[in-house]
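Per chain, numbering begins at 1; letters A, B, ... match sequence-line order.
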2 protein chains.
Amino acid sequence: MDSPAPIPVSAPPLVSTVADRVFDQLRRAIVEGDIPAGSKLSEPVLAERFAVSRGPLREAMRRLESTHLLERRANVGARVVALTRERLMELYEVREALEGMAARLAAERMSVAGVAALQAMLEQHRGEIERECGQAYFQQEGDPDFHYRIVVGSGNQRLIRILCDDLYHLARMYRCQFGMKSERARDALKEHALVVDAIAERDGELAEWLMRRHVRASRKGVERRLADDGR
Amino acid sequence: MDSPAPIPVSAPPLVSTVADRVFDQLRRAIVEGDIPAGSKLSEPVLAERFAVSRGPLREAMRRLESTHLLERRANVGARVVALTRERLMELYEVREALEGMAARLAAERMSVAGVAALQAMLEQHRGEIERECGQAYFQQEGDPDFHYRIVVGSGNQRLIRILCDDLYHLARMYRCQFGMKSERARDALKEHALVVDAIAERDGELAEWLMRRHVRASRKGVERRLADDGR
DNA sequence: ATGCAATGGATTGTCAACAATCTGCTTCAA
DNA sequence: TTGAAGCAGATTGTTGACAATCCATTGCAT
């Protein structure tokens with residue numbers, strides 16, 4: 001049984017270079033809204049803020065750009081991506097396709113130990129949601145955990161990189177900045193359980209179908225919230 | 001009716017910087033096998049080869065890494081990705097999911113003009129395949145054209161970037177280096193026609209299903225070829 | 001002969017200065 | 001008053017030199 005500790009998404013670099021540190025710090029600052037979305041990033045001021053020269057900083061920014069958190073134009077500068085309703089919907093569409101496939105592959109290939117760990121995690125989440133009759137913890141921690149495990153369980157390295165290295169950070173950025181806490185916790189947990197069951201039964205087709213429906217349901221929940229807020 | 005000229009995948013940068021040029025040249029050299037897969041890239045020798053300093057070169061390499069054509073390790077160096085049968089299959093799995101979704105979205109959203117252009121392109125391909133009773137042209141030019149159009153027609157910016165900026169270049173690398181010329185040209189054309197019909201009928205569900213089957217069929221064709229070659 | 005430690009060479013990471021480019025403001029003419 | 005052309009300031013792109021790190025070879029001890 002695995003610990004509920006944060007899952008190492010992409011293997012952290014064996015040796016940490018200055019650019020790596022700056023990359024992590026900058027990403028967190030952007031994702032958590034410390035640096036507001038849409039704002040312009042000046043290389044000199046950032047270099048001073050992180051106490052590094054422009055070389056490693058530019059490398060970090062380049063990597064942020066490759067994860068689509070930054071947009072650069074030559075001789076003009078870099079801006080943090082703008083969070084729009086449209087982009088969020090696009091993100092959900094891609095996630096639906098990719099995570100559906102991940103669930104299918106996980107059902108076909110995940111080790112029995114992996115499936116057991118998945119079921120254990122689900123049980124733990126069930127306990128937590130019961131205990132604090134709460135929605136807060138689940139959507140903020142449990143849901144990403146669930147999705148990570150499925151994706152990693154697919155065994156498809158490319159799938160893992162696209163989702164864990166890029167899309168999930170962006171998804172977290174939306175959660176942080178739009179302040180979404182789902183009231184869908186109980187429904188989501190039920191949907192998770194169905195997906196896990198399908199994986200345990202090695203029914204790839206059903207697992208994919210259920211996962212896609214789960215992602216669509218999440219999207220609709222978000223859509224409703226945004227409509228209420230009048231974004 | 002559009003010209004059969006090469007489709008501009010991602011908008012070429014308005015101003016071309018040195019790093020941009022090196023990026024394009026390096027990518028082409030890697031994709032076309034001019035620089036063999038798995039080989040190590042030395043910064044000094046490449047800098048001399050392209051007659052630039054290490055700064056822009058490193059930026060270009062960083063971008064190649066973000067497209068997963070290069071792998072870097074700190075203080076060790078960069079290597080061109082190794083082309084393995086396993087990675088190729090992973091690529092097809094991701095493409096199946098993503099292009100299936102693209103076909104669905106294209107069916108729902110593509111403009112009538114876009115659909116007309118798609119049909120015209122198909123007709124042109126049909127003529128070409130008839131004329132040279134040939135498979136060469138089609139798989140090397142026509143098939144990518146077809147997939148590009150569908151993806152762009154989805155209107156999902158993120159989908160477009162993932163597929164056109166990253167995956168398609170890698171797919172082309174496999175084609176170039178494994179020297180695949182499909183004997184599947186006629187079958188593929190038929191499959192394309194079915195997808196286009198579904199899009200024209202605005203039947204997203206069917207379009208997705210057909211596109212996924214088409215990608216799977218391509219994968220199987222490649223698998224068979226690789227088995228024959230004993231890779 | 002085998003395993004381990006130290007050293008030399010090369011490669012990459014980092015830094016600060018220089019050059020090219022863009023943006024916004026000022027100025028001038030219609 | 002409006003529009004375009006030119007200039008100033010700042011920002012980014014590029015360069016070459018310096019420092020830190022790793023890999024392979026060599027030598028030695030077991």
Side-chain angles (χ1 to χ4, degrees), chain A residues 10-30 35-82 165, chain B residues 10-30 35-82 165:
Chain A
S10 58
L14 284 67
V15 300
S16 197
T17 176
V18 174
D20 289 326
R21 253 203 337 274
V22 174
F23 172 69
D24 283 334
Q25 293 180 14
L26 240 185
R27 179 167 65 181
R28 216 180 59 177
I30 291 174
I35 298 176
S39 62
K40 189 173 180 305
L41 296 184
S42 164
E43 292 183 4
V45 312
L46 278 181
E48 202 215 0
R49 167 170 172 177
F50 290 114
V52 295
S53 94
R54 278 179 54 212
L57 177 75
R58 279 174 66 89
E59 170 136 351
M61 290 175 70
R62 170 65 61 193
R63 289 168 63 178
L64 264 314
E65 186 192 10
S66 83
T67 66
H68 304 276
L69 256 48
L70 243 58
E71 286 172 350
R72 302 181 69 186
R73 271 176 48 199
N75 293 309
V76 173
R79 309 188 75 87
V80 179
V81 292
D165 289 354
Chain B
S10 58
L14 286 66
V15 301
S16 199
T17 175
V18 173
D20 289 325
R21 252 202 339 274
V22 175
F23 172 70
D24 283 334
Q25 293 181 14
L26 239 184
R27 180 168 63 181
R28 215 179 58 178
I30 290 174
I35 298 177
S39 63
K40 191 171 179 306
L41 296 184
S42 163
E43 292 183 5
V45 311
L46 279 180
E48 202 215 0
R49 166 170 174 176
F50 290 113
V52 295
S53 91
R54 278 179 53 212
L57 177 75
R58 281 174 65 89
E59 171 135 350
M61 290 175 70
R62 169 64 60 191
R63 288 168 65 179
L64 264 314
E65 186 193 11
S66 83
T67 66
H68 305 277
L69 256 50
L70 243 59
E71 287 172 351
R72 301 182 70 186
R73 271 175 48 197
N75 291 312
V76 172
R79 307 188 77 86
V80 179
V81 291
D165 289 353

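Between A:Leu57 atom CG and C:dG13 atom C1' there is a gap of 15 Å when expressed in whole angstrom units. Following rounding to the nearest Å, B:Phe50 (CZ) and D:dT14 (C1') show an atom-to-atom distance of 17 Å. Rounded to whole Å, atom P of D:dG13 lies 12 Å from atom CZ of A:Arg73. Rounding to whole angstrom units, CZ of residue B:Phe23 and P of D:dG13 are separated by 15 Å. A:Glu43 places its CD atom 15 Å from the P atom of C:dA16, with the value rounded to the nearest Å. If you measure from atom CD of A:Glu48 to atom C1' of C:dA16, you get 15 Å, rounded to the nearest angstrom. With rounding to whole Å, A:Arg72 atom CZ is found 15 Å from C:dC22 atom P. Distance B:Arg79 CZ to C:dT12 P: 11 Å, rounded to the nearest Å.
In this view, B:Ser42 and B:Pro44, B:Val45 satisfy the side chain to side chain contact (heavy atoms under 4.5 Å, CB included) rule, not counting sequence neighbours. With sequence neighbours excluded, the residues satisfying side chain to side chain contact (heavy atoms under 4.5 Å, CB included) with A:Arg49 are A:Ala29, A:Asp34, A:Ile35, A:Leu46. Under the salt bridge (Lys or Arg N to Asp or Glu O under 4.0 Å) criterion, B:Arg54 pairs with B:Glu43, sequence neighbours left out. B:Arg28 meets the salt bridge (Lys or Arg N to Asp or Glu O under 4.0 Å) test with no other residue; sequence neighbours excluded. Shown here are the salt bridge (Lys or Arg N to Asp or Glu O under 4.0 Å) partners of A:Arg79, two or more places apart in sequence or in another chain: there are none.
Here the closest heavy-atom approach between residue B:Ala19 and residue B:Ala60 is recorded as O-CB, 3.9 Å.
Residues B:Val22 and B:Met61 have side chains not in contact (no heavy-atom distance under 4.5 Å, counting atoms from C-beta outward).
B:Leu41 comes within 4.0 angstrom of sugar-phosphate atoms only, judged by non-hydrogen atoms across all strands, and of no base.
Distances shorter than 4.0 Å separate some side-chain N or O of B:Arg58 from OP1 or OP2 on C:dG13. Note on A:Lys40: a side-chain N or O is less than 4.0 Å away from OP1 or OP2 of D:dT12. Between D:dT14 and B:Thr17, a contact under 4.0 Å exists linking OP1 or OP2 to a side-chain N or O.
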Reading nucleotides 15-20 of chain D from 5' to 3' and marking B where a protein heavy atom lies under 4.0 Å of the base, S where only the sugar-phosphate is that close, and - otherwise, the string is BS----
